Participant: 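Mind looking over this structure? Questions follow.
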There are 2 protein chains.
Amino acid sequence: MNAVAAENQGEQSSRERILDAAEGLFARRGYAGVGLRELADLVGLGKSSLFHHFESKPQLYAAVCTRILARIAARVDESLARGGAPMERLERVVDDLLDLLAAQPSDARILLRSLFEDDELAGETREEREGRELTAHIMASISALLREGMEVGQFRSVHVPGLLLSLIGQTVFPFASGEFGQEILGKDPFDPAEVKRRKRETRDLLRHGLLAPAGR
Amino acid sequence: MNAVAAENQGEQSSRERILDAAEGLFARRGYAGVGLRELADLVGLGKSSLFHHFESKPQLYAAVCTRILARIAARVDESLARGGAPMERLERVVDDLLDLLAAQPSDARILLRSLFEDDELAGETREEREGRELTAHIMASISALLREGMEVGQFRSVHVPGLLLSLIGQTVFPFASGEFGQEILGKDPFDPAEVKRRKRETRDLLRHGLLAPAGR
DNA sequence: GTCTATAGGGAGATAGAC
DNA sequence: GTCTATCTCCCTATAGAC
């Protein structure tokens, strides 16, 4: 059975298993806090074997980030393609993103952490360029949706970049907040009931803050 | 001239200079990404001298975080003490926090990063306990204000813990977002005009989302 | 309070056998 | 594709002189 057939059977390639393990470790301890020795042990490989699949630690980190961004970009494209009025599409894309972040507990932390690591990711590898392109694509898609809603008069006139940053803070941050969020909320931020509540909260926020008065 | 007199003259103790430098480094590269050699060079001391002022790297990190939290707690207490109706106090405390975060460019990143480092800060040093107490105090103060606003009927009935997390995302995250935020906004998030805009945006969000209909 | 010297270990990465 | 062995460098922390 070759590698492709193995994956069709639900098994994973070494590359995928490394990426999965690395994602969890980087989420918990950050780029510099993870040693390749520890990662190799977790996957059940020798440390040197990692270098057969990834050429360096920065490149591995970039691959982890890019895989997450690719998942998100795919979901955003899919959500937006289903059509509807701007507010309908906006609420759907936010709902779907919250579902995605809730299903992949490491994603929110890695995404926020990667924003803070300006230094580490100054490189020019293929993965990093791809990651930047995916980020730009996601942001451009949602910006276009917001501007469209304003043009057709469904949304109030708002500062689009500012709202984008706020939306990220509102949706991504709670899933990255770990024990702190757990303590504040009194329950796990990933608990299905809490995810549902956060969807409602975000939707209410958009309806109160973004809908044009005539649209209510 | 002794140490206290020196500080009155505007000079800093070694301890303060170490904390300032460490804050900048930890903000940029995270706990594990900073070496004490680099920190010592930046301060202009030998590496060993750091251990005269702090007993270990985790304790130094905790001291950095606790100093930030103490600044914030002091400002929150001061803002809330000036009185007024709940919405007036809430808008003032948010305004003041945004000013504080804008004036201390490393604070937002360190605060968010420290939330992600559940592992590193599992300790029981005096600084860590102090940091947890300060965090609890800040959160309790703002929670109490939100509940008071709801009780007197000025605020709609909202889920207080959820709104707390959202507010942190809305206010702290943009200052931590670095080059990403800069690219989205098209300007430095710390630019005075942008800080002013973010204050307005946050105030509008609170007025649209939190004020009770009768209060408009 | 700051220094030099050093202990003791772990990091990322490479070479080359199998 | 995985392994063992090894390179070189840097890490936190300590000892002890000044």
Side-chain angles (χ1 to χ4, degrees), chain A residues 1-7 9 11-22 25-26 28-65 117 119-125 127-128, chain B residues 1-7 9 11-22 25-26 28-65 117 119-125 127-128:
Chain A
M1 185 163 60
N2 65 25
V4 174
E7 284 186 60
Q9 298 268 333
E11 294 174 30
Q12 282 181 314
S13 66
S14 281
R15 193 188 154 90
E16 292 296 314
R17 282 187 293 123
I18 293 169
L19 284 172
D20 287 342
L25 288 177
F26 283 137
R28 283 205 297 281
R29 277 196 293 287
Y31 175 77
V34 175
L36 297 186
R37 169 88 183 259
E38 180 186 14
L39 171 59
D41 287 351
L42 191 60
V43 182
L45 288 176
K47 187 176 53 161
S48 305
S49 302
L50 301 180
F51 289 92
H52 181 78
H53 300 278
F54 302 93
E55 61 187 33
S56 69
K57 188 185 178 185
Q59 197 249 356
L60 165 62
Y61 183 68
V64 167
C65 294
E117 328 250 350
D119 294 13
E120 266 83 17
L121 281 157
E124 295 300 323
T125 71
E127 270 81 7
E128 294 176 40
Chain B
M1 187 160 61
N2 63 26
V4 173
E7 284 186 61
Q9 299 267 335
E11 294 174 31
Q12 282 181 315
S13 66
S14 281
R15 192 188 154 91
E16 292 295 314
R17 282 187 294 123
I18 293 169
L19 284 172
D20 286 343
L25 288 177
F26 283 137
R28 282 205 297 281
R29 277 196 293 285
Y31 175 77
V34 175
L36 297 185
R37 169 87 183 260
E38 182 186 12
L39 171 60
D41 286 352
L42 191 60
V43 182
L45 286 177
K47 190 175 49 162
S48 304
S49 303
L50 301 180
F51 289 93
H52 180 78
H53 300 278
F54 301 94
E55 62 187 33
S56 71
K57 188 185 176 185
Q59 197 249 354
L60 165 62
Y61 184 68
V64 167
C65 295
E117 327 249 348
D119 295 14
E120 266 82 18
L121 281 156
E124 293 301 324
T125 70
E127 270 82 6
E128 294 177 41

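In what follows, every heavy atom counts, from backbone to side chain, and hydrogens, waters and symmetry copies are set aside. Proteins come first, then strands; the chains are lettered A, B, ... in the order of their sequence lines, and each starts at number 1. Owing to the predicted nature of the structure, the values given are computational and were not obtained by experimental measurement.
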Participant: Give the minimum heavy-atom separation between His53(B) and Arg15(B), together with the two atoms involved.
Facilitator: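 Closest heavy-atom pair between His53(B) and Arg15(B): O-NH1, 3.6 Å.
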
Participant: Whole angstroms only, please: what is the CD-P distance between Glu38(A) and dG9(C)?
Facilitator: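 In whole Å, dG9(C) P and Glu38(A) CD are 19 Å from each other.
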
Participant: Give me the ring orientation class for Tyr61(A) and Tyr31(A): parallel if the planes are under 30° apart, tilted from 30 to 60°, perpendicular past 60°.
Facilitator: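 Ring orientation of Tyr61(A) relative to Tyr31(A): perpendicular.
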
Participant: Rounded to the nearest angstrom, tell me the gap between atom CG in Leu50(A) and atom P in dT4(D).
Facilitator: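 Rounding to the nearest Å, CG of Leu50(A) and P of dT4(D) are 13 Å apart.
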
Participant: Heavy atoms only: give me the nearest Ala22(A)-Leu39(A) pair and the separation to one decimal.
Facilitator: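 Result for this residue pair: N-CD1, 3.5 Å.
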
Participant: What is the separation between atom CZ on Arg17(A) and atom P on dG1(D), rounded to the nearest whole Å?
Facilitator: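 Distance check: Arg17(A) CZ to dG1(D) P gives 12 Å.
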
Participant: What nucleotide, of dA13(D), dT2(C), dA13(C), holds the atom closest to the side chain of Lys47(B)?
Facilitator: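 Among the listed nucleotides, the one closest to the side chain of Lys47(B) is dA13(D).
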
Participant: Calculate the interatomic distance between Phe54(A) atom CZ and dT14(C) atom C1'; express it in whole Å.
Facilitator: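 So the two atoms are 18 Å apart, to the nearest Å.
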
Participant: Can you name the closest pair of heavy atoms from Leu25(A) and Glu38(A) and give their distance?
Facilitator: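 Heavy-atom minimum between the residues: CD2-OE2, 3.8 Å.
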
Participant: Taking any heavy-atom pair under 4.0 Å as a contact, classify Val34(A): base, sugar-phosphate, or nothing.
Facilitator: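 Answer is sugar-phosphate: Val34(A) comes under 4.0 Å of backbone atoms only.
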
Participant: Write down the distance between CZ (Phe51(A)) and C1' (dG16(C)), rounded to a whole number of angstrom.
Facilitator: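 Taking CZ of Phe51(A) and C1' of dG16(C), I get 16 Å after rounding.
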
Participant: Both Arg37(A) and Ser48(A) contact DNA chain C. Taking the nearest nucleotide for each, which residue is further toward the 5' end?
Facilitator: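 Nearest-nucleotide comparison on DNA chain C picks Arg37(A).
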
Participant: Within the pair Ser49(A) and dG1(D), is there a side-chain N or O less than 4.0 Å away from OP1 or OP2?
Facilitator: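 Checking dG1(D) against Ser49(A), no side-chain N or O comes under 4.0 Å of OP1 or OP2.
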
Participant: Check Lys57(B) against Val34(B) and note the closest heavy-atom contact, atom names and distance.
Facilitator: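 Shortest heavy-atom separation between Lys57(B) and Val34(B) comes out as NZ-O, 2.8 Å.
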
Participant: Rounded to the nearest angstrom, tell me the gap between atom CG in Asp41(A) and atom C1' in dA11(C).
Facilitator: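 To the nearest whole Å, that distance equals 14 Å.
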
Participant: Considering only side-chain heavy atoms of His52(B), which listed nucleotide, dG12(C), dT2(C), dA13(D), is closest?
Facilitator: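 Closest of the options to the side chain of His52(B): dT2(C).
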
Participant: Of the options dA13(C), dT12(D), dT2(D), whose atoms approach the side-chain atoms of Leu36(B) most closely?
Facilitator: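 Output: dT12(D).
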
Participant: What nucleotide among dT2(D), dA13(C), dA13(D) has an atom nearest to a side-chain atom of Ser56(B)?
Facilitator: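 Closest of the options to the side chain of Ser56(B): dA13(D).
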
Participant: Please give, in whole Å, the distance from dG12(C) P to Glu55(A) CD?
Facilitator: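 Value for this atom pair: 16 Å.
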
Participant: Quick one: Leu39(A) CG to dG10(C) P, roughly how many Å, whole number?
Facilitator: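 Value for this atom pair: 17 Å.
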
